[in-house]
Protein chains: 2
Amino acid sequence: MTTIKDIARLSGYSIGTISRVLNNHPDVSEETRKKVQEVIEREGYQPNSNAKLLKQRTYSSITILVKGRMNVFFGSIVENIQTLLRENGEEAVVEYIDDFANEVLAAVQICLERRPKGLIFLGGNIEYFRHDFGKIEVPSVLLTNSAAGLGFDNLSSFTTDDTAASQEAIDYLIRAGHTRIGIIGGSANETDEGHIDFQRLAGCEKIFARHKIPFDPALQYQPCRFSLRDGYEAADILLHRDPSLTAIFAMGDIIALGAMRAAVDSGRRIPDDLSLIGYDGIPYARYSIPRLSTIRQDAQNIARRGVEDLLLRINYDRRPVHETVGFRVIAGETVKPLKKAY
Amino acid sequence: MTTIKDIARLSGYSIGTISRVLNNHPDVSEETRKKVQEVIEREGYQPNSNAKLLKQRTYSSITILVKGRMNVFFGSIVENIQTLLRENGEEAVVEYIDDFANEVLAAVQICLERRPKGLIFLGGNIEYFRHDFGKIEVPSVLLTNSAAGLGFDNLSSFTTDDTAASQEAIDYLIRAGHTRIGIIGGSANETDEGHIDFQRLAGCEKIFARHKIPFDPALQYQPCRFSLRDGYEAADILLHRDPSLTAIFAMGDIIALGAMRAAVDSGRRIPDDLSLIGYDGIPYARYSIPRLSTIRQDAQNIARRGVEDLLLRINYDRRPVHETVGFRVIAGETVKPLKKAY
DNA sequence: CTGAAAGCGCTTACAG
DNA sequence: CTGAAAGCGCTTACAG
């Protein structure tokens, strides 16, 4: 194993100088730098990151906390993040957190154990953040949810404007002539008022109100987590509870795909007997039979902005930011225009 | 930041003793152990892993190399692996390698840069392993491909018996009365003879031979990588080249789902006009419309055995092993029984 | 069973 | 611009 000591010996310089070359310090003569570089290349020397980190008293890697397993949409964001981080020479560790678990407390534990230099949350419950994020000191970003109202000085957030996007989804159904609309998704529970899913739900209710279309959450809304199975069950419950529904908005494409299966199993044709619009815009939405109409979030931009901001804040003393990235309505084949009732 | 020194001071013992308690060395008195433990808990002390690894001269984490992005099947294995590793107190870093890139060379580079203590390959090209794996010294496992014939003493492998499973798939179609069968999948290229996909293909050809059913790879086989789009294109090419096909075996469910879309877009009904069987057994196969018939690999067992073996070999001087795990034919709704032609 | 001390491979003031 | 030296937080022979 070649160490910095070997390079020092071989090049005739001291280890201090080698270290300076390694870290691109300006105060090294060009000649020295070149000679040392040559020895480094020839020996294929790679610095020991443990020693470096120990010395710098900074800590290992960046941790990505993914809320909810098997989420295709998050999967693509994770891949984007990993690539971006790697391009910038940063290592990342991924942790999967159960949909119903407290990701902030999990992060606190991880900070104690592994002392990451930054945290990226993929999804999260705003209430958990409000309550426990104060215990976290490292620069962090929350993706796909907004932490704007929380006021933590080490937490940025990048998200689709969920309220606006949900309104678009509902609006899309209404413009197609639907008035009996069900909504599924969001792992809402009693303490969850700031949760993303209530944001989306709130947006929906507003649009219903604007169009003067009655909407009774107790009847027309069914929470569920992000999985095929849960989407299936939620749609099943909803369709039994209110068979008059002509359309469903699912707060995730995975949920929508589960719901599509449930509808078909109940003997409904899509979109003839039931219209369906999803959320996320996963690649499969363009391949399903029929193709899923959905709201496409900009995964790439969310990942890119999140990483850029985190790296800046890890290295400089900057204020966190809260941004919103664009979305698009993708017209698939699962929404049927209805004759207007009037 | 509490360090081992603080715990020593606070407990009245030397740092050597604290270290022994931390690492469960047997030569510490029960009383001492208890007292030290108390202080550790009270202070919420967590050892600095950089210092520990530096001292132990072992290196950071375990690296998981995932071949091919956006592969749902690999995604679930990765999650399983991460969970298992974490339960055993090991950290894991995930790297995504392009489908057509050389994962072994990428691993060599990673070993130089980060010196992981173990490597897990998810998918891989046997030719690349044969040629370059000799440069890798850390304990490694290859999942979903067999490295049995390679004879490296630091490489285990755990895989579905691809030959047998592919034979089952083809056999399933033949028993349903199909004789004009196309095959898609596998990123075969000229140098690829030991590649997984040729294994699967070889298995298929054998079965055709046994049933005395003609099979012309140039006509009936179309390679493609693991993505919806590639599955779509491969099926499209195949169906144009040989419109007489009544069934397709796709070497991955994602490929199969892309193919399903292509078939429908060409005006074929599934399974009435074209039967389809996939490979992997991803959760969505049970939700697609129609439900996908497929060969289910045992992702959980592959992950579990791989991790168990790797951890053992990291810590003990053991020989690598090459195991095969079970698979199951899942009868979905995409294979139609045909009237026998004779 | 426990302590004192060396040393893992680096970085960074401090001199010169 | 460069070197000598201290020290990051641990582990582990070596004594006793």
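Note on naming: letters A, B, ... go to the chains in the order of the sequence lines (proteins, then strands), and numbering restarts at 1 for each one. Keep in mind that the numbers below use all heavy atoms, side chains included, and drop hydrogens, waters and symmetry copies.
- Within the nucleic acid shown, B:Ser29 comes within 4.0 Å of sugar-phosphate atoms alone, with no base atom in reach, counting heavy atoms only.
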Give every pair of a protein N or O atom and an N or O atom of nucleotides 13-16 of chain D that lie under 3.5 Å apart, one pair per line with the distance.
from   : atom 1 : to      : atom 2 : distance (Å)
D:dA13 : N6     : B:Arg20 : NH2    : 2.8

Can you give me the dot-bracket string for DNA chain C, 5' to 3', counting Watson-Crick and G-U wobble pairs with both distances under 3.5 Å, using [ ] for crossing pairs and | for partners on another strand?
|||.||||||||.|||

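- Note on A:Tyr45: every side-chain N or O is 4.0 Å or more away from OP1 and OP2 of C:dG9.
- The ring of B:Phe73 has its center no closer than 6.0 angstrom to the ring center of B:Phe226.
- Partners of A:Asn301 according to the side-chain hydrogen bond (donor to acceptor under 3.5 Å, both in side chains) rule, which considers only residues two or more places apart in sequence or in another chain, are A:Asp298, A:Arg304.
- A straight line from CD1 of A:Ile15 to P of D:dG7 spans 15 Å, rounded to a whole angstrom.
- Put simply, B:Ser19 has a side-chain N or O that comes within less than 4.0 Å of OP1 or OP2 on D:dT11.
- Residues passing the side-chain hydrogen bond (donor to acceptor under 3.5 Å, both in side chains) test with A:Lys135, sequence neighbours excluded: A:Asp132.
- Residue A:His25 contributes atom NE2, which lies 14 Å from atom P of D:dT2 at whole-angstrom precision.
- For B:Leu22 and D:dC10, the CG to C1' distance is 9 Å, given to the nearest whole Å.
- Rounded to whole Å, the distance from CD1 on B:Ile7 to C1' on C:dT2 is 18 Å.
- If you take CZ of B:Arg9 and P of C:dG3, they are 15 Å apart, rounded to a whole angstrom.
- Under the rule for a side-chain hydrogen bond (donor to acceptor under 3.5 Å, both in side chains), the partners of B:Ser14 that lie at least two apart in sequence or sit in another chain are B:Thr17.
- To the nearest angstrom, C1' of C:dT11 lies 8 Å from CD1 of A:Ile4.
- Residue-environment remark: NE2 (B:His25) exceeds the threshold of 12 foreign heavy atoms within 6.0 Å.
- Mapped onto DNA chain C by nearest heavy atom, A:Lys5 and A:Ile18 fall at different nucleotides, with A:Lys5 at the one closer to the 5' end.
- Remark: the B:Thr159 side chain and the B:Asn145 side chain contain no N/O donor-acceptor pair separated by less than 3.5 Å.
- Side-chain N/O atoms of A:Tyr13 include none lying less than 4.0 angstrom from OP1 or OP2 on D:dA4.
- A:Thr17 comes within 4.0 angstrom of the backbone, heavy atoms only, and of no base.
- The distance from atom NZ of A:Lys34 to atom P of D:dC1 is 16 Å, rounded to the nearest whole Å.
- Checking A:Ser157 against A:His322 by side-chain atom types alone, a donor-acceptor pair falls below 3.5 Å.
- Not counting sequence neighbours, the partners of B:Gln297 by the side-chain hydrogen bond (donor to acceptor under 3.5 Å, both in side chains) test are B:Thr160, B:Asp280.
- Between the side chains of A:Ser156 and A:Asp309, at least one donor N or O lies within less than 3.5 Å of an accepting N or O.
- The phosphate of C:dC1 has neither OP1 nor OP2 within less than 4.0 Å of any side-chain N or O from B:Thr32.
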